Amino acid sequence: MNKVPAATLAASVTAALALLSGQAAADGASKEKCYGIALKGQNDCAAGAGTTCAGTATVDYQANSWKLVPAGTCVTIVTPKGHGSLNKGDAPA
Amino acid sequence: MLEIQDAFTRALLERDRPIPPGLTCSNGLRPERRFAIHRDNVVAGLIATLASRFPATQRIVGAPFFVVLARAFIDRHPPRSPVLLEYGKDLPSFVEAFEPARDLPYLADVIRLEAARGRAYHAADMPPLDPQTLAVLPQERLPFIRFDFHPATSMIRSSHPIVTIWAMNADGSKPKPVEPWLAEDAMVSRPTLNVRVHRLPSGGGTFLSLLAAGSPLGDAVEAALSESPNFNLSTNLAFMLGAGVTTAIR
Amino acid sequence: MKPSKLPGRAGVGLKPQHFTAIVAARQPVGFFEVHAENYMGDGGPLHAQLGRLRQDYALSIHGVGLSIGSMQPLDADHLGRLKRLCDRYEPDSFSEHLAWSSHDGVYLNDLLPLPYNGSTLARVAEHIDLIQTTLSRQILLENPATYLSFAESTIPETVFLAELVQLTGCRLLLDVNNVVVASINQGVSPDTYLKAFPLHCIQEIHIGGHAESVDESGAPLLIDSHGSPVSDPVWRLFEHVIDRVGPVASLVEWDNDVPSWAMLRKEAEAAQKILDRPSKTIAA
């Protein structure tokens with residue numbers, strides 16, 4: 001493995017800083033490129049929920065796992081092996 | 001009195017057990033219905049906690065499936081601390097072995113990504129590295145510098161397009177087929193107050209994991225280049241500095 | 001020992017999603033309350049918000065995880081976290097529950113009931129002593145919402161609480177919603193419970209919503225869900241207490257199905273109206 005010359009690193013640092021200042025000029029738009037920031041409807045605060053001192057009026061979590069298949073958006077996510085969550089022969093829900 | 005709490009705890013955690021002796025209802029009714037309120041509180045509260053930490057996961061599998069998954073996880077891994085901010089950190093490995101989810105090979109990595117977001121959200125506050133620090137460094141020092149990583153930063157290397165899958169389930173948009181199906185390494189950062197999720201540039205997974213492990217810049221570049229011929233140092237440095245994943249150089 | 005010193009006004013539980021609305025203007029609330037365990041991360045937006053609001057408002061920190069009613073020793077790590085949190089924000093009050101929630105290192109995520117007798121009284125008093133010594137402050141202890149009782153109980157809850165005040169110098173947080181929930185579930189009248197309650201020891205009040213269900217016999221069964229507006233019986237009892245004790249810091253609790261800031265504020269304003277009424281303080 002060849003050592004990368006310091007001069008090459010320095011050139012890359014200069015180029016990186018130039019790239020960065022270009023992004024800073026575009027400002028908000030550059031932040032939007034990073035998924036997760038300012039995504040509407042995805043509240044970062046959600047991760048803050050935790051303990052409460054309240055109880056629940058919700059009863060019945062007795063669903064059976066053995067007959068359960070995932071049924072969310074995964075049915076539209078096509079993996080190289082096909083639809084992930086539907087067994088062969090099942091009609092889409 | 002200790003025995004009462006022993007028995008109470010066992011009956012809460014193992015729902016098929018009879019309720020502990022010595023419980024009464026003032027109206028003379030059997031106490032089972034009342035005890036069930038506590039059983040529900042335990043499970044419902046923890047399911048809600050997991051749902052709030054893993055919203056994209058819940059959307060991917062659907063709410064009914066998520067409830068079953070969460071319940072199975074809670075049975076196996078009840079919280080060991082009253083601080084629930086990190087509850088669910090064992091969920092990815094649990095899901096890898098969870099039979100009903102076996103057709104979703106990408107799910108565990110999406111959960112790792114969401115767990116990393118939660119960690120970043122509560123991580124210590126530190127100012128990110130000022131990019132100009134690098135500009136004024138003598139050239140001959142560059143191969144030997146090491147970076148301190150920000151406490152909010154984590155990386156998830158995956159053989160699935162996890163950033164794409166996560167993103168289309170996080171913003172409420174309609175998921176589309178993912179084509180082509182490419183491996184994606186994700187990085188989560190929080191340089192200030194907003195948690196960010198990034199798809200790493202080519203070779204970035206190797207480059208940044210070496211830097212995070214304390215390797216000097218020169219070594220990390222060489223390893224990244226030999227592994228990924230498309231590795232572009234400028235792009236990776238610009239990403240690293242722009243995303244605020246580090247705090248200082250040494 | 002630092003005494004509890006919340007202003008005798010209406011307060012609300014702080015929810016992160018309300019922060020932007022809250023800081024847009026000076027809000028007509030006397031204090032904010034947060035759950036201690038949600039602020040035990042190292043940093044991030046929650047601390048940024050709380051630090052900001054702390055500059056302008058009184059603060060109550062309300063613990064839900066100390067497990068004071070546990071017969072096993074208190075979790076020293078957790079007590080340490082609590083101390084750091086109190087040192088960081090210097091709240092005007094710290095409160096916890098007469099309940100237990102951890103056992104053998106497992107956190108059960110519910111406020112569980114305990115029998116009331118001589119041996120549990122001694123144990124709980126020991127725990128309160130340790131907490132007050134560690135935090136160097138007087139704490140407030142909250143009456144629980146209960147669904148069950150124990151054959152081993154020999155002391156009424158109101159007496160148990162009064163004894164704890166005597167033994168430890170702590171004060172009480174009267175949760176009026178819990179009074180209604182527990183009394184109806186135990187088949188007694190909430191007024192009877194309140195008559196026996198050591199009202200002169202209360203330094204904070206909680207009011208909130210509960211869910212109504214029925215037991216096997218068709219009798220009402222109330223669940224402390226904090227997911228709806230304050231119910232009428234709770235308002236009525238709250239007024240009655242305020243008539244007796246004068247203005248006391250009073251928190252509107254709404255933790256599930258959290259409404260808009262405007263709606264939560266309206267509940268707090270309704271509570272404030274009751275606190276503002278000309279004093280009808282009745283000698284006990």
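Chain naming here is simple, since letters A, B, ... match the order of the sequence lines and numbering starts at 1 in each. Everything numeric here is computed off the predicted structure, so don't read it as measured data.
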May I ask you to decide if the ring planes of C:Tyr147 and B:His38 are parallel, tilted or perpendicular, using 30° and 60° as cut-offs?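 Judged by the thresholds at 30° and 60°, the geometry between C:Tyr147 and B:His38 is perpendicular.
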[X] [atom1] to [Y] [atom2] distance, which is reported to the nearest 0.5 Å:
X        : Y        : atom1 : atom2 : value
C:Glu216 : B:Cys25  : CD    : SG    : 7.5 Å
B:Leu85  : C:Leu46  : CG    : CG    : 8.0 Å
B:Ile37  : C:Ile223 : CD1   : CD1   : 4.5 Å
C:Gln49  : B:Leu193 : CD    : CG    : 9.0 Å
B:Arg10  : C:Asp104 : CZ    : CG    : 9.0 Å
B:Leu29  : C:Ser217 : CG    : OG    : 4.5 Å

[X], [atom1]: over 12 other non-hydrogen atoms inside 6.0 angstrom:
X       : atom1 : answer
B:Glu32 : CD    : yes
C:Glu90 : CD    : no
C:Asp87 : CG    : yes
C:Arg88 : CZ    : yes
B:Arg17 : CZ    : yes

Checking [X] against chain C: side chain, backbone, both or neither under 4.5 Å from a heavy atom?
X        : answer
B:Tyr87  : neither
B:Ile4   : side chain
B:Leu2   : both
B:Leu13  : side chain
B:Leu46  : both
B:Arg190 : side chain

Stepwise, does the side-chain hydrogen bond (donor to acceptor under 3.5 Å, both in side chains) test hold for B:Asp125 with C:His47? CA-CA 10 Å; B:Asp125 304 306; C:His47 283 293; over 6 Å; no
Flag the one option from B:Pro20, B:Pro78, B:Ala123 with the top tally of heavy-atom pairs under 4.5 Å to chain C. B:Ala123
Show your working on side-chain contact (heavy atoms from CB on, under 4.5 Å) between C:Leu112 and B:Leu12 and close with a plain yes or no. CA-CA 10 Å; C:Leu112 301 166; B:Leu12 277 179; 3.6 Å; yes
Can a donor-acceptor pair be found, under 3.5 Å and without considering hydrogens, that links the side chain of B:Gln5 to the backbone of C:Trp100? no
Checking the side chain of B:Arg34 only, and the main-chain atoms of C:Asn185 only, is there a donor and an acceptor separated by less than 3.5 Å? yes
Of all of [options], which one pairs up most often with chain B through heavy atoms under 4.5 Å apart?
options                               : result
C:Asp77, C:Val106, C:Thr146, C:Asn256 : C:Val106
C:Pro113, C:Ala219, C:Ala36           : C:Pro113
C:Ala151, C:Gly187, C:Ser213          : C:Ala151

Using only heavy-atom distances, determine whether the side chains of B:His122 and C:Asp42 contain a donor-acceptor pair under 3.5 Å. no
Need one label for [X]: side chain, backbone, both or neither, based on atoms under 4.5 Å from any heavy atom in chain B.
X        : value
C:Arg123 : neither
C:Leu111 : backbone
C:Ser119 : side chain

With a 4.5 Å cut-off on side-chain heavy atoms, are [Y] and [X] touching?
X        : Y        : result
C:Tyr107 : B:Leu84  : yes
B:Ser81  : C:Met40  : no
B:Arg39  : C:Asp110 : no

Nearest heavy-atom pair of B:Pro82 and C:Glu37: which atoms, and what distance?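 The pair with the smallest heavy-atom distance is O-CG, 3.5 Å.
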Distance-minimising heavy-atom pair for C:Phe150 and B:Thr24: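 It is N-OG1, 3.9 Å.
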